[in-house]
Amino acid sequence: MPGAVERGWEPPPVRWAAGHRGVDLVARPGDPVRAVAAGRVSFAGRVAGRGVVSIELAATGDPPLRVTYEPVGASVREGDRVAAGDVVGVLESEGRHCPAGCLHWGLRRGEAYLDPLSLLRHGPSRLLPVLGVPLPREPTAGSGDGVRPTAAVGGASSAGAAVGAVALAAAAVWAHRRHARPRGERPSA
């Protein structure tokens, strides 16, 4: 499924050791790659033969958060300003990191690598009572009038509030797989 997390963040035990300093999102060569949040392109070019785009995210402190995307054929240049969701390039065919194709998405603050999925988290979830709202009913075959769940993204002031299409899809799939339970199963009391 495009946007699904193929491989998660696996930080090394010490800075110089082996690890996976980002997440791999399932994607196909030629897919558009979008900015996860507003910022300024700090690098767009080739590193060790692979296309890389780095964006310093606006209003994220000093030093600012910096996201990287690879392998990407850049459609932006260093110094360009981008908004959340803007296309910054297309996924290139690379074949070594993920043989079937993927976007490697990284996050750094200064020299420290961080989990890019943290941009999609907005604090702990809380279940609150909903009073006076009727329960949704299961749609009948062919009725098309069933209630469809929707999701909202947090306030625009946080760095991860306006996420790009690839990152949002990855977060949704990751969360669903992590918290899904078989249909009809009730939560334990």
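For Asp86 against Ala83, the heavy-atom pair with the smallest separation is OD2-N, 2.8 Å. What you find for Val72 and Val88 is that their closest heavy atoms are CG1-O, 4.5 Å. In terms of heavy atoms, Ala35 sits closest to Ile55 at CB-CD1, 4.1 Å. For the pair Ser118 and Leu107, the tightest heavy-atom approach, listed with the atom from each and the gap, is OG-CD2, 3.8 Å. For the pair Arg21 and Val14, the tightest heavy-atom approach, listed with the atom from each and the gap, is NH2-O, 4.5 Å. Smallest separation of non-hydrogen atoms from Leu117 and Asp115: N-OD1, 3.0 Å.
The same ILVMFWY cluster, assembled from side-chain heavy atoms under 4.5 Å apart, contains both Val41 and Leu103.
The one candidate from Val33, Leu25, Asp24 that meets the side-chain contact (heavy atoms from CB on, under 4.5 Å) condition with Trp105 is Leu25.
Rounded to the nearest 0.5 Å, atoms OG (Ser42) and CG (Asp80) are 11.5 Å apart. Rounding to the nearest 0.5 Å places SG of Cys102 at 13.5 Å from CZ of Arg28.
Taking the side-chain contact (heavy atoms from CB on, under 4.5 Å) definition, one finds that Val90 meets it with nothing, sequence neighbours left out. Checked against salt bridge (Lys or Arg N to Asp or Glu O under 4.0 Å), Glu56 has the following partners two or more places apart in sequence or in another chain: Arg40.
In this structure a side-chain-to-backbone donor-acceptor pair under 3.5 Å is present from Glu92 to Gly51.
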| task | Evaluate the criterion side chain to side chain contact (heavy atoms under 4.5 Å, CB included) for residue pair Leu119 and Leu57; output intermediate values, then yes/no. | result | CA-CA 11 Å; Leu119 290 175; Leu57 303 183; 4.2 Å; yes

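Counting non-hydrogen atoms of other residues, nucleotides and ligands closer than 6.0 Å to CZ of Arg46 gives a total above 12.
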May I have the list of side-chain donor-acceptor pairs in residues 62-69 shorter than 3.5 Å, sequence neighbours left out?
| unit_1 | atom_1 | unit_2 | atom_2 | d |
| --- | --- | --- | --- | --- |
| Tyr69 | OH | Val36 | N | 3.0 |

